[in-house]
Amino acid sequence: MTRHAILMLFVFWAGISTIAEAQEVAAQRAVDFSRELSPFVKRFCVDCHGAKNPEGKVSLAGLTGDLSKPRELQVWQAVYEKLEGREMPPRDADQPTDADRAQVAKWLAASIRAAGVVLDDGKWLAPIKGNYVDHQTLFSGKAVVDAGGTNPRLWRLTGQAYEDYFDKLNKHFLLDRRNYGEFKLTAPWNFTPQPNFVDYASAHRVGEAEIEFLLRNASSFAQSMVKRHSKMPSYGNYIKELVTLIKAGDGATPEQAEAALAPTFQGLFQRAPTASETQRYGAFLRKTVATAGGAGAAEQLLIALFCNKELIHRVELPTGPTRQLAPRDLARAISFALTDRVPDEPLAKAADEGKLATREEVETQVKRILEDSAIAKPRVLRFFREYFAYDSAPNVFKDEVTLKKLGVREARGWNPDYFVSDADRIVLAVLAEDKAVLRQLLTTTKTFAMTVDPDDQKHTKADAYRLKKANFEADEQTTIKLYEVAIATRADWDPNRQYDFPPEHRLGLLTHPAWLVAQSGNFDNHAIHRGRWIRERLLGGRIPELPITVNAMLPDEPHRTLRDRMQVTRETYCWTCHKQMDPLGLPFEQFDHFGQFRKEEMVVDREATADKKNLNKDGVPRETRHKQVPLDTTGEVGGSIDPKLDGPVKDPFELIRRLADSEHVEQVFVRHAFRYFLGRNETLADGPALVAAHQAYSTSGGSMNALITSLLTSEPFMVRTTNPSEKE
Ligand code: HEC
Ligand code: HEC
């Protein structure tokens with residue numbers, strides 16, 4: 001029964017986001033076909049999709065808008081897809097405004113849903129779809145009439161934040177738990193590296209399996225708390241009223257139970273319970289104390305509180321006439337945007353004293369946290385990891401044979417973890433200067449060498465240990481050779497120093513082995529992948545998903561270069577998509593797939609392999625022979641929104657310099673920062689916030705702190721759209 005009660009609490013909070021969504025859907029009214037849809041289709045579609053000989057064999061003439069007819073429903077679904085995906089009208093045809101397109105798509109979605117079809121609009125919430133919002137409209141500075149803004153929501157905390165809470169609790173109450181290693185309490189969710197932002201507010205719902213897991217964590221910590229409070233502790237922190245309740249045992253009264261409620265809230269969450277919490281948990285306590293006694297009631301209360309939504313989510317609901325987040329929720333939103341921790345004391349105090357009400361007051365706090373180098377801000381570093389997507393380098397498998405063949409000095413010396421932490425350290429160093437951040441990251445010729453994960457608090461100890469050793473080990477030697485940095489002996493090596501790459505061989509993170517390896521395959525560079533990264537992350541372009549009908553394989557012909565084998569994508573049909581990716585990725589053929597700079601390309605030498613001298617007595621080649629062929633690093637930028645960017649490039653360096661000089665690229669970067677820190681894709685209504693954020697970045701000379709400050713003090717961050725249902 002108590003277990004059931006707790007599950008009910010879960011259901012209570014888990015329901016909130018669903019309520020908000022349901023209301024949003026209900027708020028959309030049905031469509032007046034002849035007034036609203038028909039003129040749009042006539043103007044933008046019917047020229048090509050008329051009654052006679054329509055393009056794509058889809059006629060949009062003579063439709064009635066009656067979606068109860070299966071045929072009409074089918075057509076409108078197709079139209080909806082094309083509009084949402086911005087695939088129709090074709091690029092070179094007359095285009096509707098973004099607001100009109102969005103409005104029509106919204107109407108259609110409502111009508112299609114009303115006809116009983118379940119639409120997966122989750123698809124459009126994914127970060128990969130962010131670029132589908134028109135860039136020029138966003139940055140036009142014109143206000144767009146569109147119901148936008150940030151919806152009320154629950155945003156699940158990072159696993160680190162959840163774990164950090166319990167770790168602090170363990171220390172604060174001297175629970176004496178071994179909360180490390182295999183004994184550490186862990187969050188049921190972990191973000192695995194993905195080719196995009198993983199921590200979106202809409203991306204994670206707490207499912208049933210997780211609820212079980214959370215309950216187990218909560219029970220375990222509740223038991224520790226009860227044990228610790230079962231006699232009056234003589235030292236350290238404790239909750240007096242909880243001690244009284246537990247010691248009263250079976251004779252505990254409902255009054256004693258209720259008296260423990262507020263102090264327990266204070267002890268666990270540093271706040272008083274709200275009126276509705278007092279009522280809800282009060283009733284729960286009165287019931288449990290009668291059946292389970294003082295200790296039992298205390299334990300159940302603690303379990304319920306450890307499953308409280310604020311330990312699992314950022315709670316983001318509008319309050320008052322301004323619809324701004326409640327001060328404590330705003331404080332948490334700020335803190336979890338930058339760190340994995342609950343608000344520090346000054347921030348919590350500001351919230352409690354009503355000094356987090358205006359934009360200026362929020363700015364004071366955000367700036368304070370950003371400028372204090374003693375406060376770790378892992379979420380800022382994580383933004384860069386996820387934006388550049390270099391942190392998956394260790395996941396790309398390279399086999400020993402391949403490694404040896406390409407002259408990586410010793411196969412067992414392959415340690416791409418170094419690449420990632422070295423890239424992390426570059427990011428942190430650039431952030432410490434906080435000037436022209438994007439440009440610096442794209443064009444620096446410095447690197448750190450063989451550092452360890454900066455997230456790892458013990459890294460100075462690890463460095464000290466490694467420094468003491470006599471010789472470089474295989475992985476260190478391999479890294480030095482690959483980086484081409486001047487470190488001859490261990491005495492020359494300092495993990496806290498920036499080393500110079502040969503400036504003619506490297507330029508910024510896109511030429512750093514971390515990025516190059518992350519964007520490679522097992523046996524080759526991945527020019528398509530690299531090109532896609534540049535198209536989407538720097539140029540803000542959109543690439544339709546790879547159709548499932550395409551067999552996306554390059555010919556398995558190791559005697560030909562990658563560029564040569566990629567000729568298959570030049571077929572007209574393939575090229576509509578691949579022209580947007582391949583010419584941007586091919587300049588990086590400058591490097592092999594381990595991230596080594598090269599001047600020639602190695603391919604299989606068929607003649608030498610088949611040569612008699614290489615055959616054994618059965619006529620089978622003893623080994624595969626290779627030869628060097630001339631390297632081609634040319635490429636091209638095309639189809640950019642800013643035509644100044646377009647044109648051929650001779651190598652990756654020319655490409656990178658051109659991109660790094662572009663204001664458009666800077667704006668695309670700002671859009672990605674918005675997505676990460678707001679936890680959702682931008683909409684047209686966010687235009688003003690994006691313009692302000694870009695301005696903050698550019699007038700400050702490229703300061704990331706200025707950019708983040710602008711985002712965290714923006715209306716989309718501080719304010720939630722109205723939600724008519726009553727919230728506590
Ligand atoms: C300039 C001509 C042109 C205009 C204008 C145009 N289309 Fe198309 N449409 C095409 C062509 C060509 C195809 C077939 C090739 C393709 O799918 O890209 C097509 C195909 C389609 C398809 C079918 C695709 C499939 O998967 O079978 C739909 C649906 C569609 N268009 C909707 C629209 C809508 C809605 C509009 C107006 C907002 C529109 N089109 C405007 C030329 C046009
Ligand atoms: C509608 C767009 C589109 C079309 C058309 C298209 N592709 Fe692609 N292709 C993609 C995308 C997107 C990717 C994935 C890029 C990435 O993320 O790495 C891709 C990836 C590939 C890859 C690399 C697969 C891998 O992961 O190693 C090959 C090879 C490829 N396509 C070949 C072709 C060929 C050949 C054709 C024509 C027959 C074709 N594609 C048509 C969009 C397209």
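Just so it is clear, the structure is predicted and the values come from calculations on it, not from any experiment.
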- Under 4.0 Å between a Lys/Arg side-chain N and an Asp/Glu carboxylate O for D661 and R439? yes
Tell me the closest heavy-atom pair linking [X] and [Y], and the distance in Å.
| X | Y | result |
| --- | --- | --- |
| Y499 | A449 | CD1-CB, 3.8 Å |
| Y697 | E666 | CE2-CG, 3.4 Å |
| R530 | Q519 | NE-O, 2.8 Å |

Output for pair (T364 OG1, L347 CG), nearest 0.5 Å, gives 11.0 Å
Value for CZ (F677) from CZ (F717), rounded to nearest 0.5 Å, stands at 9.5 Å
Under the 3.5 angstrom rule, does the side chain of [X] hit a backbone N or O of [Y] as a donor-acceptor pair?
| X | Y | result |
| --- | --- | --- |
| D646 | S640 | yes |
| D434 | S703 | no |
| H313 | V315 | no |
| E361 | T358 | yes |
| T444 | Q440 | no |

Is any side-chain heavy atom of [X] closer than 4.5 Å to a side-chain heavy atom of [Y]?
| X | Y | answer |
| --- | --- | --- |
| R671 | H135 | yes |
| F388 | V427 | no |
| Y162 | L214 | yes |
| R385 | D424 | yes |
| Y200 | W155 | no |

In D686, N196, N131, the residue satisfying side-chain hydrogen bond (donor to acceptor under 3.5 Å, both in side chains) with R675 is N131
- So, is the end of the K129 side chain (NZ or CZ) under 6.0 Å from the ring centre of Y132 and within 45° of the ring's axis? yes
